[in-house]
Amino acid sequence: MSMATDAFVNQMAAAEPWPENAILFQPLKGEQILLSDNASCLAVQAFLRMCNLPVQVICRANAEYMSPSGKAPFIHVGNHVVSELGPIVQFAKAKGHSLTDGLNEIQKAEMKAYTELVNNMLLTAELYIQWCDDSTSAKITRSRYGSPYPWPLNHILAYQKQWEIRRKMKAIGWAGKTIKQVHEDVDRCCQALSQRLGSQPYFFTQQPTELDALVFGHLFTILTTQLTNDALGEKVKNYENLIKFCRRIEQNYFEEQDRESALSSASGCSRGLSTK
């Protein structure tokens, strides 16, 4: 997208208020969604709740293929379709909803660096464990990924995705890593996040930013997702302030906003294939 086109889209987005009928699309929650997608979807939901922006969560088996970037989640707001946390943050900002107005330029640069750390380490580790760890891919990933589809399409799509992710891992130098090395990378990332958080409630101010939403999405999902063993979750559990951080956001932005069904927007999904 050119700068002129991007500016035009932002101008059009800013001209329209956030509607009450905004929709967030993600894969099927119960049987299909994988660790990395679940983390990304929860991060976007957390960000929107922090901004107090209403959104209905709808699950579709083909959400990945509906998304303009080929990645979940994505939102449908008015005439706009926007996918992934970064672009969604910019879209919300164009409408006058920002969590970083109180940060100075140095803090914004630091926040960007930690965002890159999470995406380059935690997200990549999640993808590696799902698709490159033989035990996890055989026992969990391939069956979940292909679950909405009939045989043999379920196997074809799963193996296509595995080939795609393994090719990506090779390109970024992760293909030769062992699972132990990946867990060590996660531990180093958690250590850096823990040190930056310290005793603060959030990473930069007394109020959360999109970095808090991103970190929460990944850490909370790692802590609550059952894998072939507990090694990944144990790395996070070593950092007490990160556990408290996750619990704080869960309480403040999920339980308190919806006490009758905590995290209902993450689990209360309509199902099926969409043809739109």
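Each residue takes its place number in the sequence, starting with 1.
- Proximity of a side-chain donor or acceptor of Thr178 to a complementary backbone N or O of Gln181 within less than 3.5 Å is detected.
- Side chain of Gln195 to main chain of Ala192: no donor-acceptor pair is present (N/O by atom type, distance under 3.5 Å, no hydrogens or angles).
- In this structure, CG in Asn52 is found 12.5 Å from CE in Met50, a value given to the nearest 0.5 Å.
- Rounding to the nearest 0.5 Å places SG of Cys190 at 9.5 Å from CE of Met121.
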>> Walk me through whether Val118 and Leu123 qualify under side-chain contact (heavy atoms from CB on, under 4.5 Å).
In response: CA-CA 7 Å; Val118 173; Leu123 177 57; over 6 Å; no
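- Taken from CG in Leu211 to NZ in Lys112, the straight-line distance is 13.5 Å, to the nearest 0.5 Å.
- Under the 4.5 Å side-chain criterion, counting only non-hydrogen atoms from C-beta, Asn38 is in contact with Lys29.
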>> What verdict does the side-chain contact (heavy atoms from CB on, under 4.5 Å) test give for Phe47 and Leu214, after you've listed the backbone C-alpha separation in whole Å, the side-chain angles of each residue and the deciding distance to 0.1 Å?
In response: CA-CA 8 Å; Phe47 169 75; Leu214 177 66; over 6 Å; no
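- Not a single donor-acceptor pair under 3.5 Å links the side chain of Glu16 to the backbone N or O of Gly78.
- Once rounded to the nearest 0.5 Å, the distance linking NE2 of His76 with CZ of Phe25 reads 7.5 Å.
- Not a single donor-acceptor pair under 3.5 Å links the side chain of Thr225 to the backbone N or O of Ile222.
- For the residue pair Ser135 and Thr228, the shortest heavy atom distance occurs at OG-CG2, 3.7 Å.
- Residue Asn104 places its CG atom among more than 12 non-hydrogen atoms of other residues, nucleotides or ligands, all under 6.0 Å distant.
- Counting only distance, with no hydrogens or angles, the side chain of Gln162 and the backbone of Arg142 share no donor-acceptor pair below 3.5 Å.
- Under the ring-ring contact (aromatic ring centres under 6.0 Å, His included) criterion, Tyr145 pairs with Trp131, sequence neighbours left out.
- The line from CG of Leu232 to CD1 of Ile179 is 8.0 Å long, rounded to the nearest 0.5 Å.
- Counting only heavy atoms from C-beta outward, the side chains of Glu250 and Glu255 approach each other to under 4.5 Å.
- Residues in residues 194-214 take part in these salt bridge (Lys or Arg N to Asp or Glu O under 4.0 Å) pairs, two or more places apart or across chains: Glu110-Arg196.
- Listed by first and then second residue, the side-chain hydrogen bond (donor to acceptor under 3.5 Å, both in side chains) pairs that reach into residues 116-127 are Glu126-His218, sequence neighbours excluded.
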> Leu34 and Thr141: side-chain contact (heavy atoms from CB on, under 4.5 Å), yes or no, with the steps?
Replying inline: CA-CA 7 Å; Leu34 301 178; Thr141 307; 3.8 Å; yes
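- Side-chain atoms of Ile249 and Phe220, non-hydrogen and from C-beta on, never get closer than 4.5 Å to each other.
- What you find for Ala72 and Asp37 is that their closest heavy atoms are O-OD1, 4.4 Å.
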>> Under the criterion side-chain contact (heavy atoms from CB on, under 4.5 Å), I'd like the reasoning laid out for Lys95 against Val77: C-alpha separation, chi angles, the key distance, then a yes or no.
In response: CA-CA 11 Å; Lys95 288 186 174 295; Val77 181; 4.2 Å; yes
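- At least one side-chain heavy atom of Cys41 sits under 4.5 Å from a side-chain heavy atom of Ile33.
- A distance below 6.0 Å separates the ring centres of Phe254 and Phe216.
- Proximity of Leu193 to Phe203: side-chain heavy atoms (C-beta onward) are separated by under 4.5 Å at one or more points.
- Of all heavy-atom pairs between Cys189 and Leu122, the closest is SG-CG, 3.7 Å.
- No more than 12 heavy-atom neighbours from other residues, nucleotides or ligands sit within 6.0 angstrom of NZ on Lys71.
- The side-chain hydrogen bond (donor to acceptor under 3.5 Å, both in side chains) analysis of residues 235-244, with sequence neighbours excluded, yields the pairs Asp187-Tyr239, Ser194-Asn241, Glu240-Lys244.
- Nearest approach of Trp174 to Tyr128, heavy atoms of both residues: O-CE1, 3.5 Å.
- Identified under the salt bridge (Lys or Arg N to Asp or Glu O under 4.0 Å) test for residues 172-182, with sequence neighbours left out: Lys177-Asp185.
- Taking every heavy atom of both residues into account, Ile23 and Val55 meet most closely at C-CG2, 3.6 Å.
- Taking 4.5 Å as the limit, every side-chain heavy atom of Tyr114 sits out of range of all side-chain heavy atoms of Thr209.
- To the nearest 0.5 Å, the span separating CG on Leu219 from CD1 on Ile243 amounts to 7.5 Å.
- Of the candidates Lys161, Arg167, Arg166, Lys168, Lys161 is the only one forming a salt bridge (Lys or Arg N to Asp or Glu O under 4.0 Å) with Glu164.
- Few gaps surround CD1 on Ile172; more than 12 heavy atoms of other groups in view lie less than 6.0 Å from it.
- For the salt bridge (Lys or Arg N to Asp or Glu O under 4.0 Å) test, no residue two or more places apart in sequence or in another chain qualifies with Glu84.
- The backbone N or O of Ile156 sits nowhere less than 3.5 Å from a side-chain atom of Tyr149 that would complete a donor-acceptor pair.
- Without hydrogens or angle criteria, Asn62 side chain to Tyr65 main chain gives no donor-acceptor distance under 3.5 Å.
- In this structure, Pro148 and Ala61 approach most closely via the heavy-atom pair CB-CB, 3.5 Å.
- At a threshold of 4.5 Å between non-hydrogen side-chain atoms, the residues Leu227 and Gln130 do not count as touching.
- No more than 12 heavy atoms of other residues, nucleotides or ligands lie within 6.0 Å of OH in Tyr159, so this atom counts as exposed by the packing criterion.
- Counting heavy atoms from C-beta on, the side chains of Pro73 and Ser40 come closer than 4.5 Å.
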